[in-house]
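Count residues from 1 along the sequence. Start at 1 and go down the list; that is how both ligands and their atoms are numbered.
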Amino acid sequence: MMNHAEKSGIFLGDHKRAEWHDQTLWLIRKKRDKAISTVSEWEELRDKASQIKEHVLSNLDVYLLQFEEEAIKNGAQVHWAFDAESLNNSVYSIINSCNAKMVVKSKSMLTEECGLNPFLENKGIEIVDTDLGERIIQFRNEPPSHIVMPAIHLKKEEIGELFNVRLGTEKGASDAQYLTSAARKHLREKFMAADVAITGVNFAIAETGSVVVITNEGNADMGVQNAPVQIHCMGIEKILPSMKEMGVFIQMLARNATGQPISAYTSHYRKPKVGGSMHIIIVDNGRSIHLGNEKYRKSLKCIRCGACLNTCPVYRRSGGHSYRYVIPGPIGSILSPLRDMKKYKDLPFACSLCGSCTNICPVKIDIHRQLYNWRQDISRRKLLSPSKKYGLKFAGKILSNHAFYNFFGKNMRLAVRHLPRKILYNNINVWGKGRELPAAPEKSFKQWYIANHK
Ligand code: SF4
């Protein structure tokens with residue numbers, strides 16, 4: 001399987017797409033900055049959100065049981081799923097028990113993580129993703145490339161071609177409004193025909209036993225209101241003590257994600273509809289193991305706003321699919337080695353350690369520090385490739401010895417000035433594959449500093 005660097009190389013090979021992807025995500029980052037500048041207590045909210053999440057993670061046993069009790073009182077049926085297989089089986093058995101054949105689903109990273117769609121399709125169930133971006137990538141048989149904007153890697157012209165084939169839109173049409181109308185018509189038919197609606201969960205409130213689902217398209221509501229059976233899939237970390245804490249996150253989520261003051265729909269589902277049934281599946285799937293891991297447990301505070309992806313210089317220039325994990329970008333590079341360290345050992349190195357992700361995270365996850373920890377753990381487990389291992393050893397020797405450092409600095413400056421291009425841009429110089437080396441200065445910084453600060 002190709003690693004992150006190789007996949008990024010392919011993404012960067014399409015210069016126009018790479019540039020446009022980078023600029024689009026940066027624009028969203030700027031919108032976010034503007035939106036948070038209107039909230040004077042933003043940093044206090046971040047502190048508060050972080051404290052709430054840490055408190056919840058330390059008291060999951062209490063809040064999850066309280067949530068279950070309240071949800072059952074409300075008339076919902078609560079199921080517990082230890083892993084992906086048990087989530088998928090629980091969903092299937094609910095679908096089976098009501099003889100359903102058609103299921104609509106609103107966006108849920110948890111069901112992506114557990115591979116619910118292919119599981120149900122193999123059982124002969126039609127499952128339709130109803131978030132527009134999700135439907136687009138479902139048509140393309142691709143995983144999402146971003147946790148909030150799953151089809152951000154595609155241009156409207158490509159979507160126009162896809163819809164021409166799948167929905168019969170006019171050939172060559174790429175007007176966003178026209179394509180959205182076509183998708184709306186197509187999805188409405190699916191909503192009306194669905195027997196079951198599945199949603200993810202943004203927050204689950206222990207005090208009320210209700211779940212909160214946030215969307216911009218209202219597709220979760222369309223699904224839940226029309227289908228007789230509703231299923232909400234939530235990770236154990238989605239719990240909040242009460243509605244009071246919800247207020248903190250509601251002010252932050254949309255602003256940090258897309259720069260909107262609030263998402264278009266914040267829906268609270270508390271009890272089944274008259275004549276319908278409501279199921280809530282609480283999923284662990286490795287989270288309680290993460291919880292016991294002091295170094296990485298804080299990654300469970302994530303509210304999946306996607307802002308760390310938008311700001312990351314590596315994600316913006318390499319695209320989500322280069323990460324190969326369901327959650328790409330900085331937070332995905334922490335979560336993926338927790339699942340399979342060997343398979344995803346390259347991801348913590350896909351990072352400049354600039355710390356922009358940590359600065360932007362609404363729940364104050366120390367993302368770049370955790371990535372740095374991963375690098376050390378991967379090295380301790382002897383999982384580094386020989387080139388990285390010996391390269392880092394060599395760099396360590398030079399950087400820890402000032403005589404070596406001066407010697408190499410001087411000779412590298414000379415080499416960059418005088419060696420022919422063919423030798424400088426050899427296969428070992430991966431840095432120079434897509435970039436030009438800067439002109440070598442006459443003097444080192446140290447020489448300049450001594451000369452100017454006598
Ligand atoms: S780690 Fe923080 S910034 Fe990144 S998606 Fe999660 S909450 Fe958002």
Side-chain angles (χ1 to χ4, degrees), residues 25-26 28-33 35-36 39 42-43 45-54 56-57 107-110 112-113 133 144-150 152 200-203 212 214 234-240 245-246 248-260 263 287 290-291 293 295-316 318 320 323 325-339 347-348 350-374:
L25 288 159
W26 188 244
I28 298 166
R29 158 76 213 248
K30 287 204 286 194
K31 268 177 78 186
R32 172 260 178 204
D33 291 347
I36 68 152
V39 184
W42 184 257
E43 286 307 313
L45 283 173
R46 285 181 78 210
D47 283 336
K48 193 88 193 142
S50 170
Q51 286 159 11
I52 294 167
K53 279 286 182 182
E54 285 190 21
V56 165
L57 290 179
K107 205 161 128 348
S108 154
M109 291 312 293
L110 175 66
E112 291 281 346
E113 171 189 318
S145 74
H146 189 289
I147 56 180
V148 176
M149 298 160 284
I152 191 73
V201 168
N202 290 89
F203 304 103
V212 181
I214 299 174
M234 59 173 268
I236 55 171
E237 80 286 12
K238 297 290 179 185
I239 202 92
L240 289 179
E245 287 79 17
M246 251 285 289
V248 173
F249 292 94
I250 285 295
Q251 290 182 73
M252 304 184 87
L253 182 60
R255 281 193 174 91
N256 214 53
T258 52
Q260 294 166 268
S263 303
R287 286 160 176 74
H290 303 177
L291 199 61
N293 189 328
K295 273 194 216 161
Y296 305 110
R297 68 177 297 201
K298 286 187 180 162
S299 57
L300 285 171
K301 296 197 293 181
C302 177
I303 58 169
R304 305 282 191 266
C305 71
C308 58
L309 283 66
N310 303 343
T311 200
C312 175
V314 178
Y315 173 85
R316 282 189 277 116
S318 59
Y323 290 79
Y325 185 59
V326 63
I327 299 176
I331 185 65
S333 301
I334 299 173
L335 297 173
S336 52
L338 282 164
R339 294 236 163 259
L347 294 186
C351 168
S352 65
L353 294 181
C354 66
S356 183
C357 47
T358 303
N359 290 341
I360 208 173
C361 178
V363 284
K364 293 200 147 182
I365 301 174
D366 51 346
I367 305 171
H368 74 294
R369 289 191 195 287
Q370 293 194 35
L371 288 169
Y372 182 57
N373 285 340
W374 264 127

Within the 4.0 Å heavy-atom shell around [X], which atoms of ligand 1 are there?
X	value
Ile331	1 (S)
Ile365	1 (S)
Cys302	1 (S), 5 (S), 6 (Fe), 7 (S)
Gly306	5 (S), 8 (Fe)

Min side-chain heavy-atom separation Ser356-Arg29 under 4.5 Å |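 SC-SC contact between Ser356 and Arg29 confirmed.
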
May I ask you to test the Arg339-Glu113 pair for a side-chain heavy-atom distance under 4.5 Å?
->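 With C-beta onward as the side chain, the pair touches.
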
Backbone or side chain, does Cys308 get an N/O/S atom under 2.8 Å to atom 6 (Fe) of ligand 1?
->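 Short answer: no, not a single N, O or S atom is under the cut-off.
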
Is there a donor-acceptor pair closer than 3.5 Å between any side-chain N or O of Ser50 and the backbone N or O of Lys364?
->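 A pair under 3.5 Å: no.
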
Flag, side chain of Asn256 to backbone of Ile360, donor-acceptor distance under 3.5 Å =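 It does hold such a pair.
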
Return the orientation label for the Phe203 and Phe249 ring planes: parallel under 30°, perpendicular over 60°, tilted otherwise.
->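 Aromatic pair Phe203/Phe249 classed tilted.
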
Nearest protein heavy atom to atom 8 (Fe) of ligand 1, by residue and atom, and its distance?
->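 Of the protein heavy atoms, Cys305 SG, 2.4 Å lies nearest.
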
Structural part of Ile367 in contact with ligand 1, heavy atom criterion under 4.0 angstrom =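 Within the 4.0 Å criterion, Ile367 contacts ligand 1 through side-chain atoms alone.
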
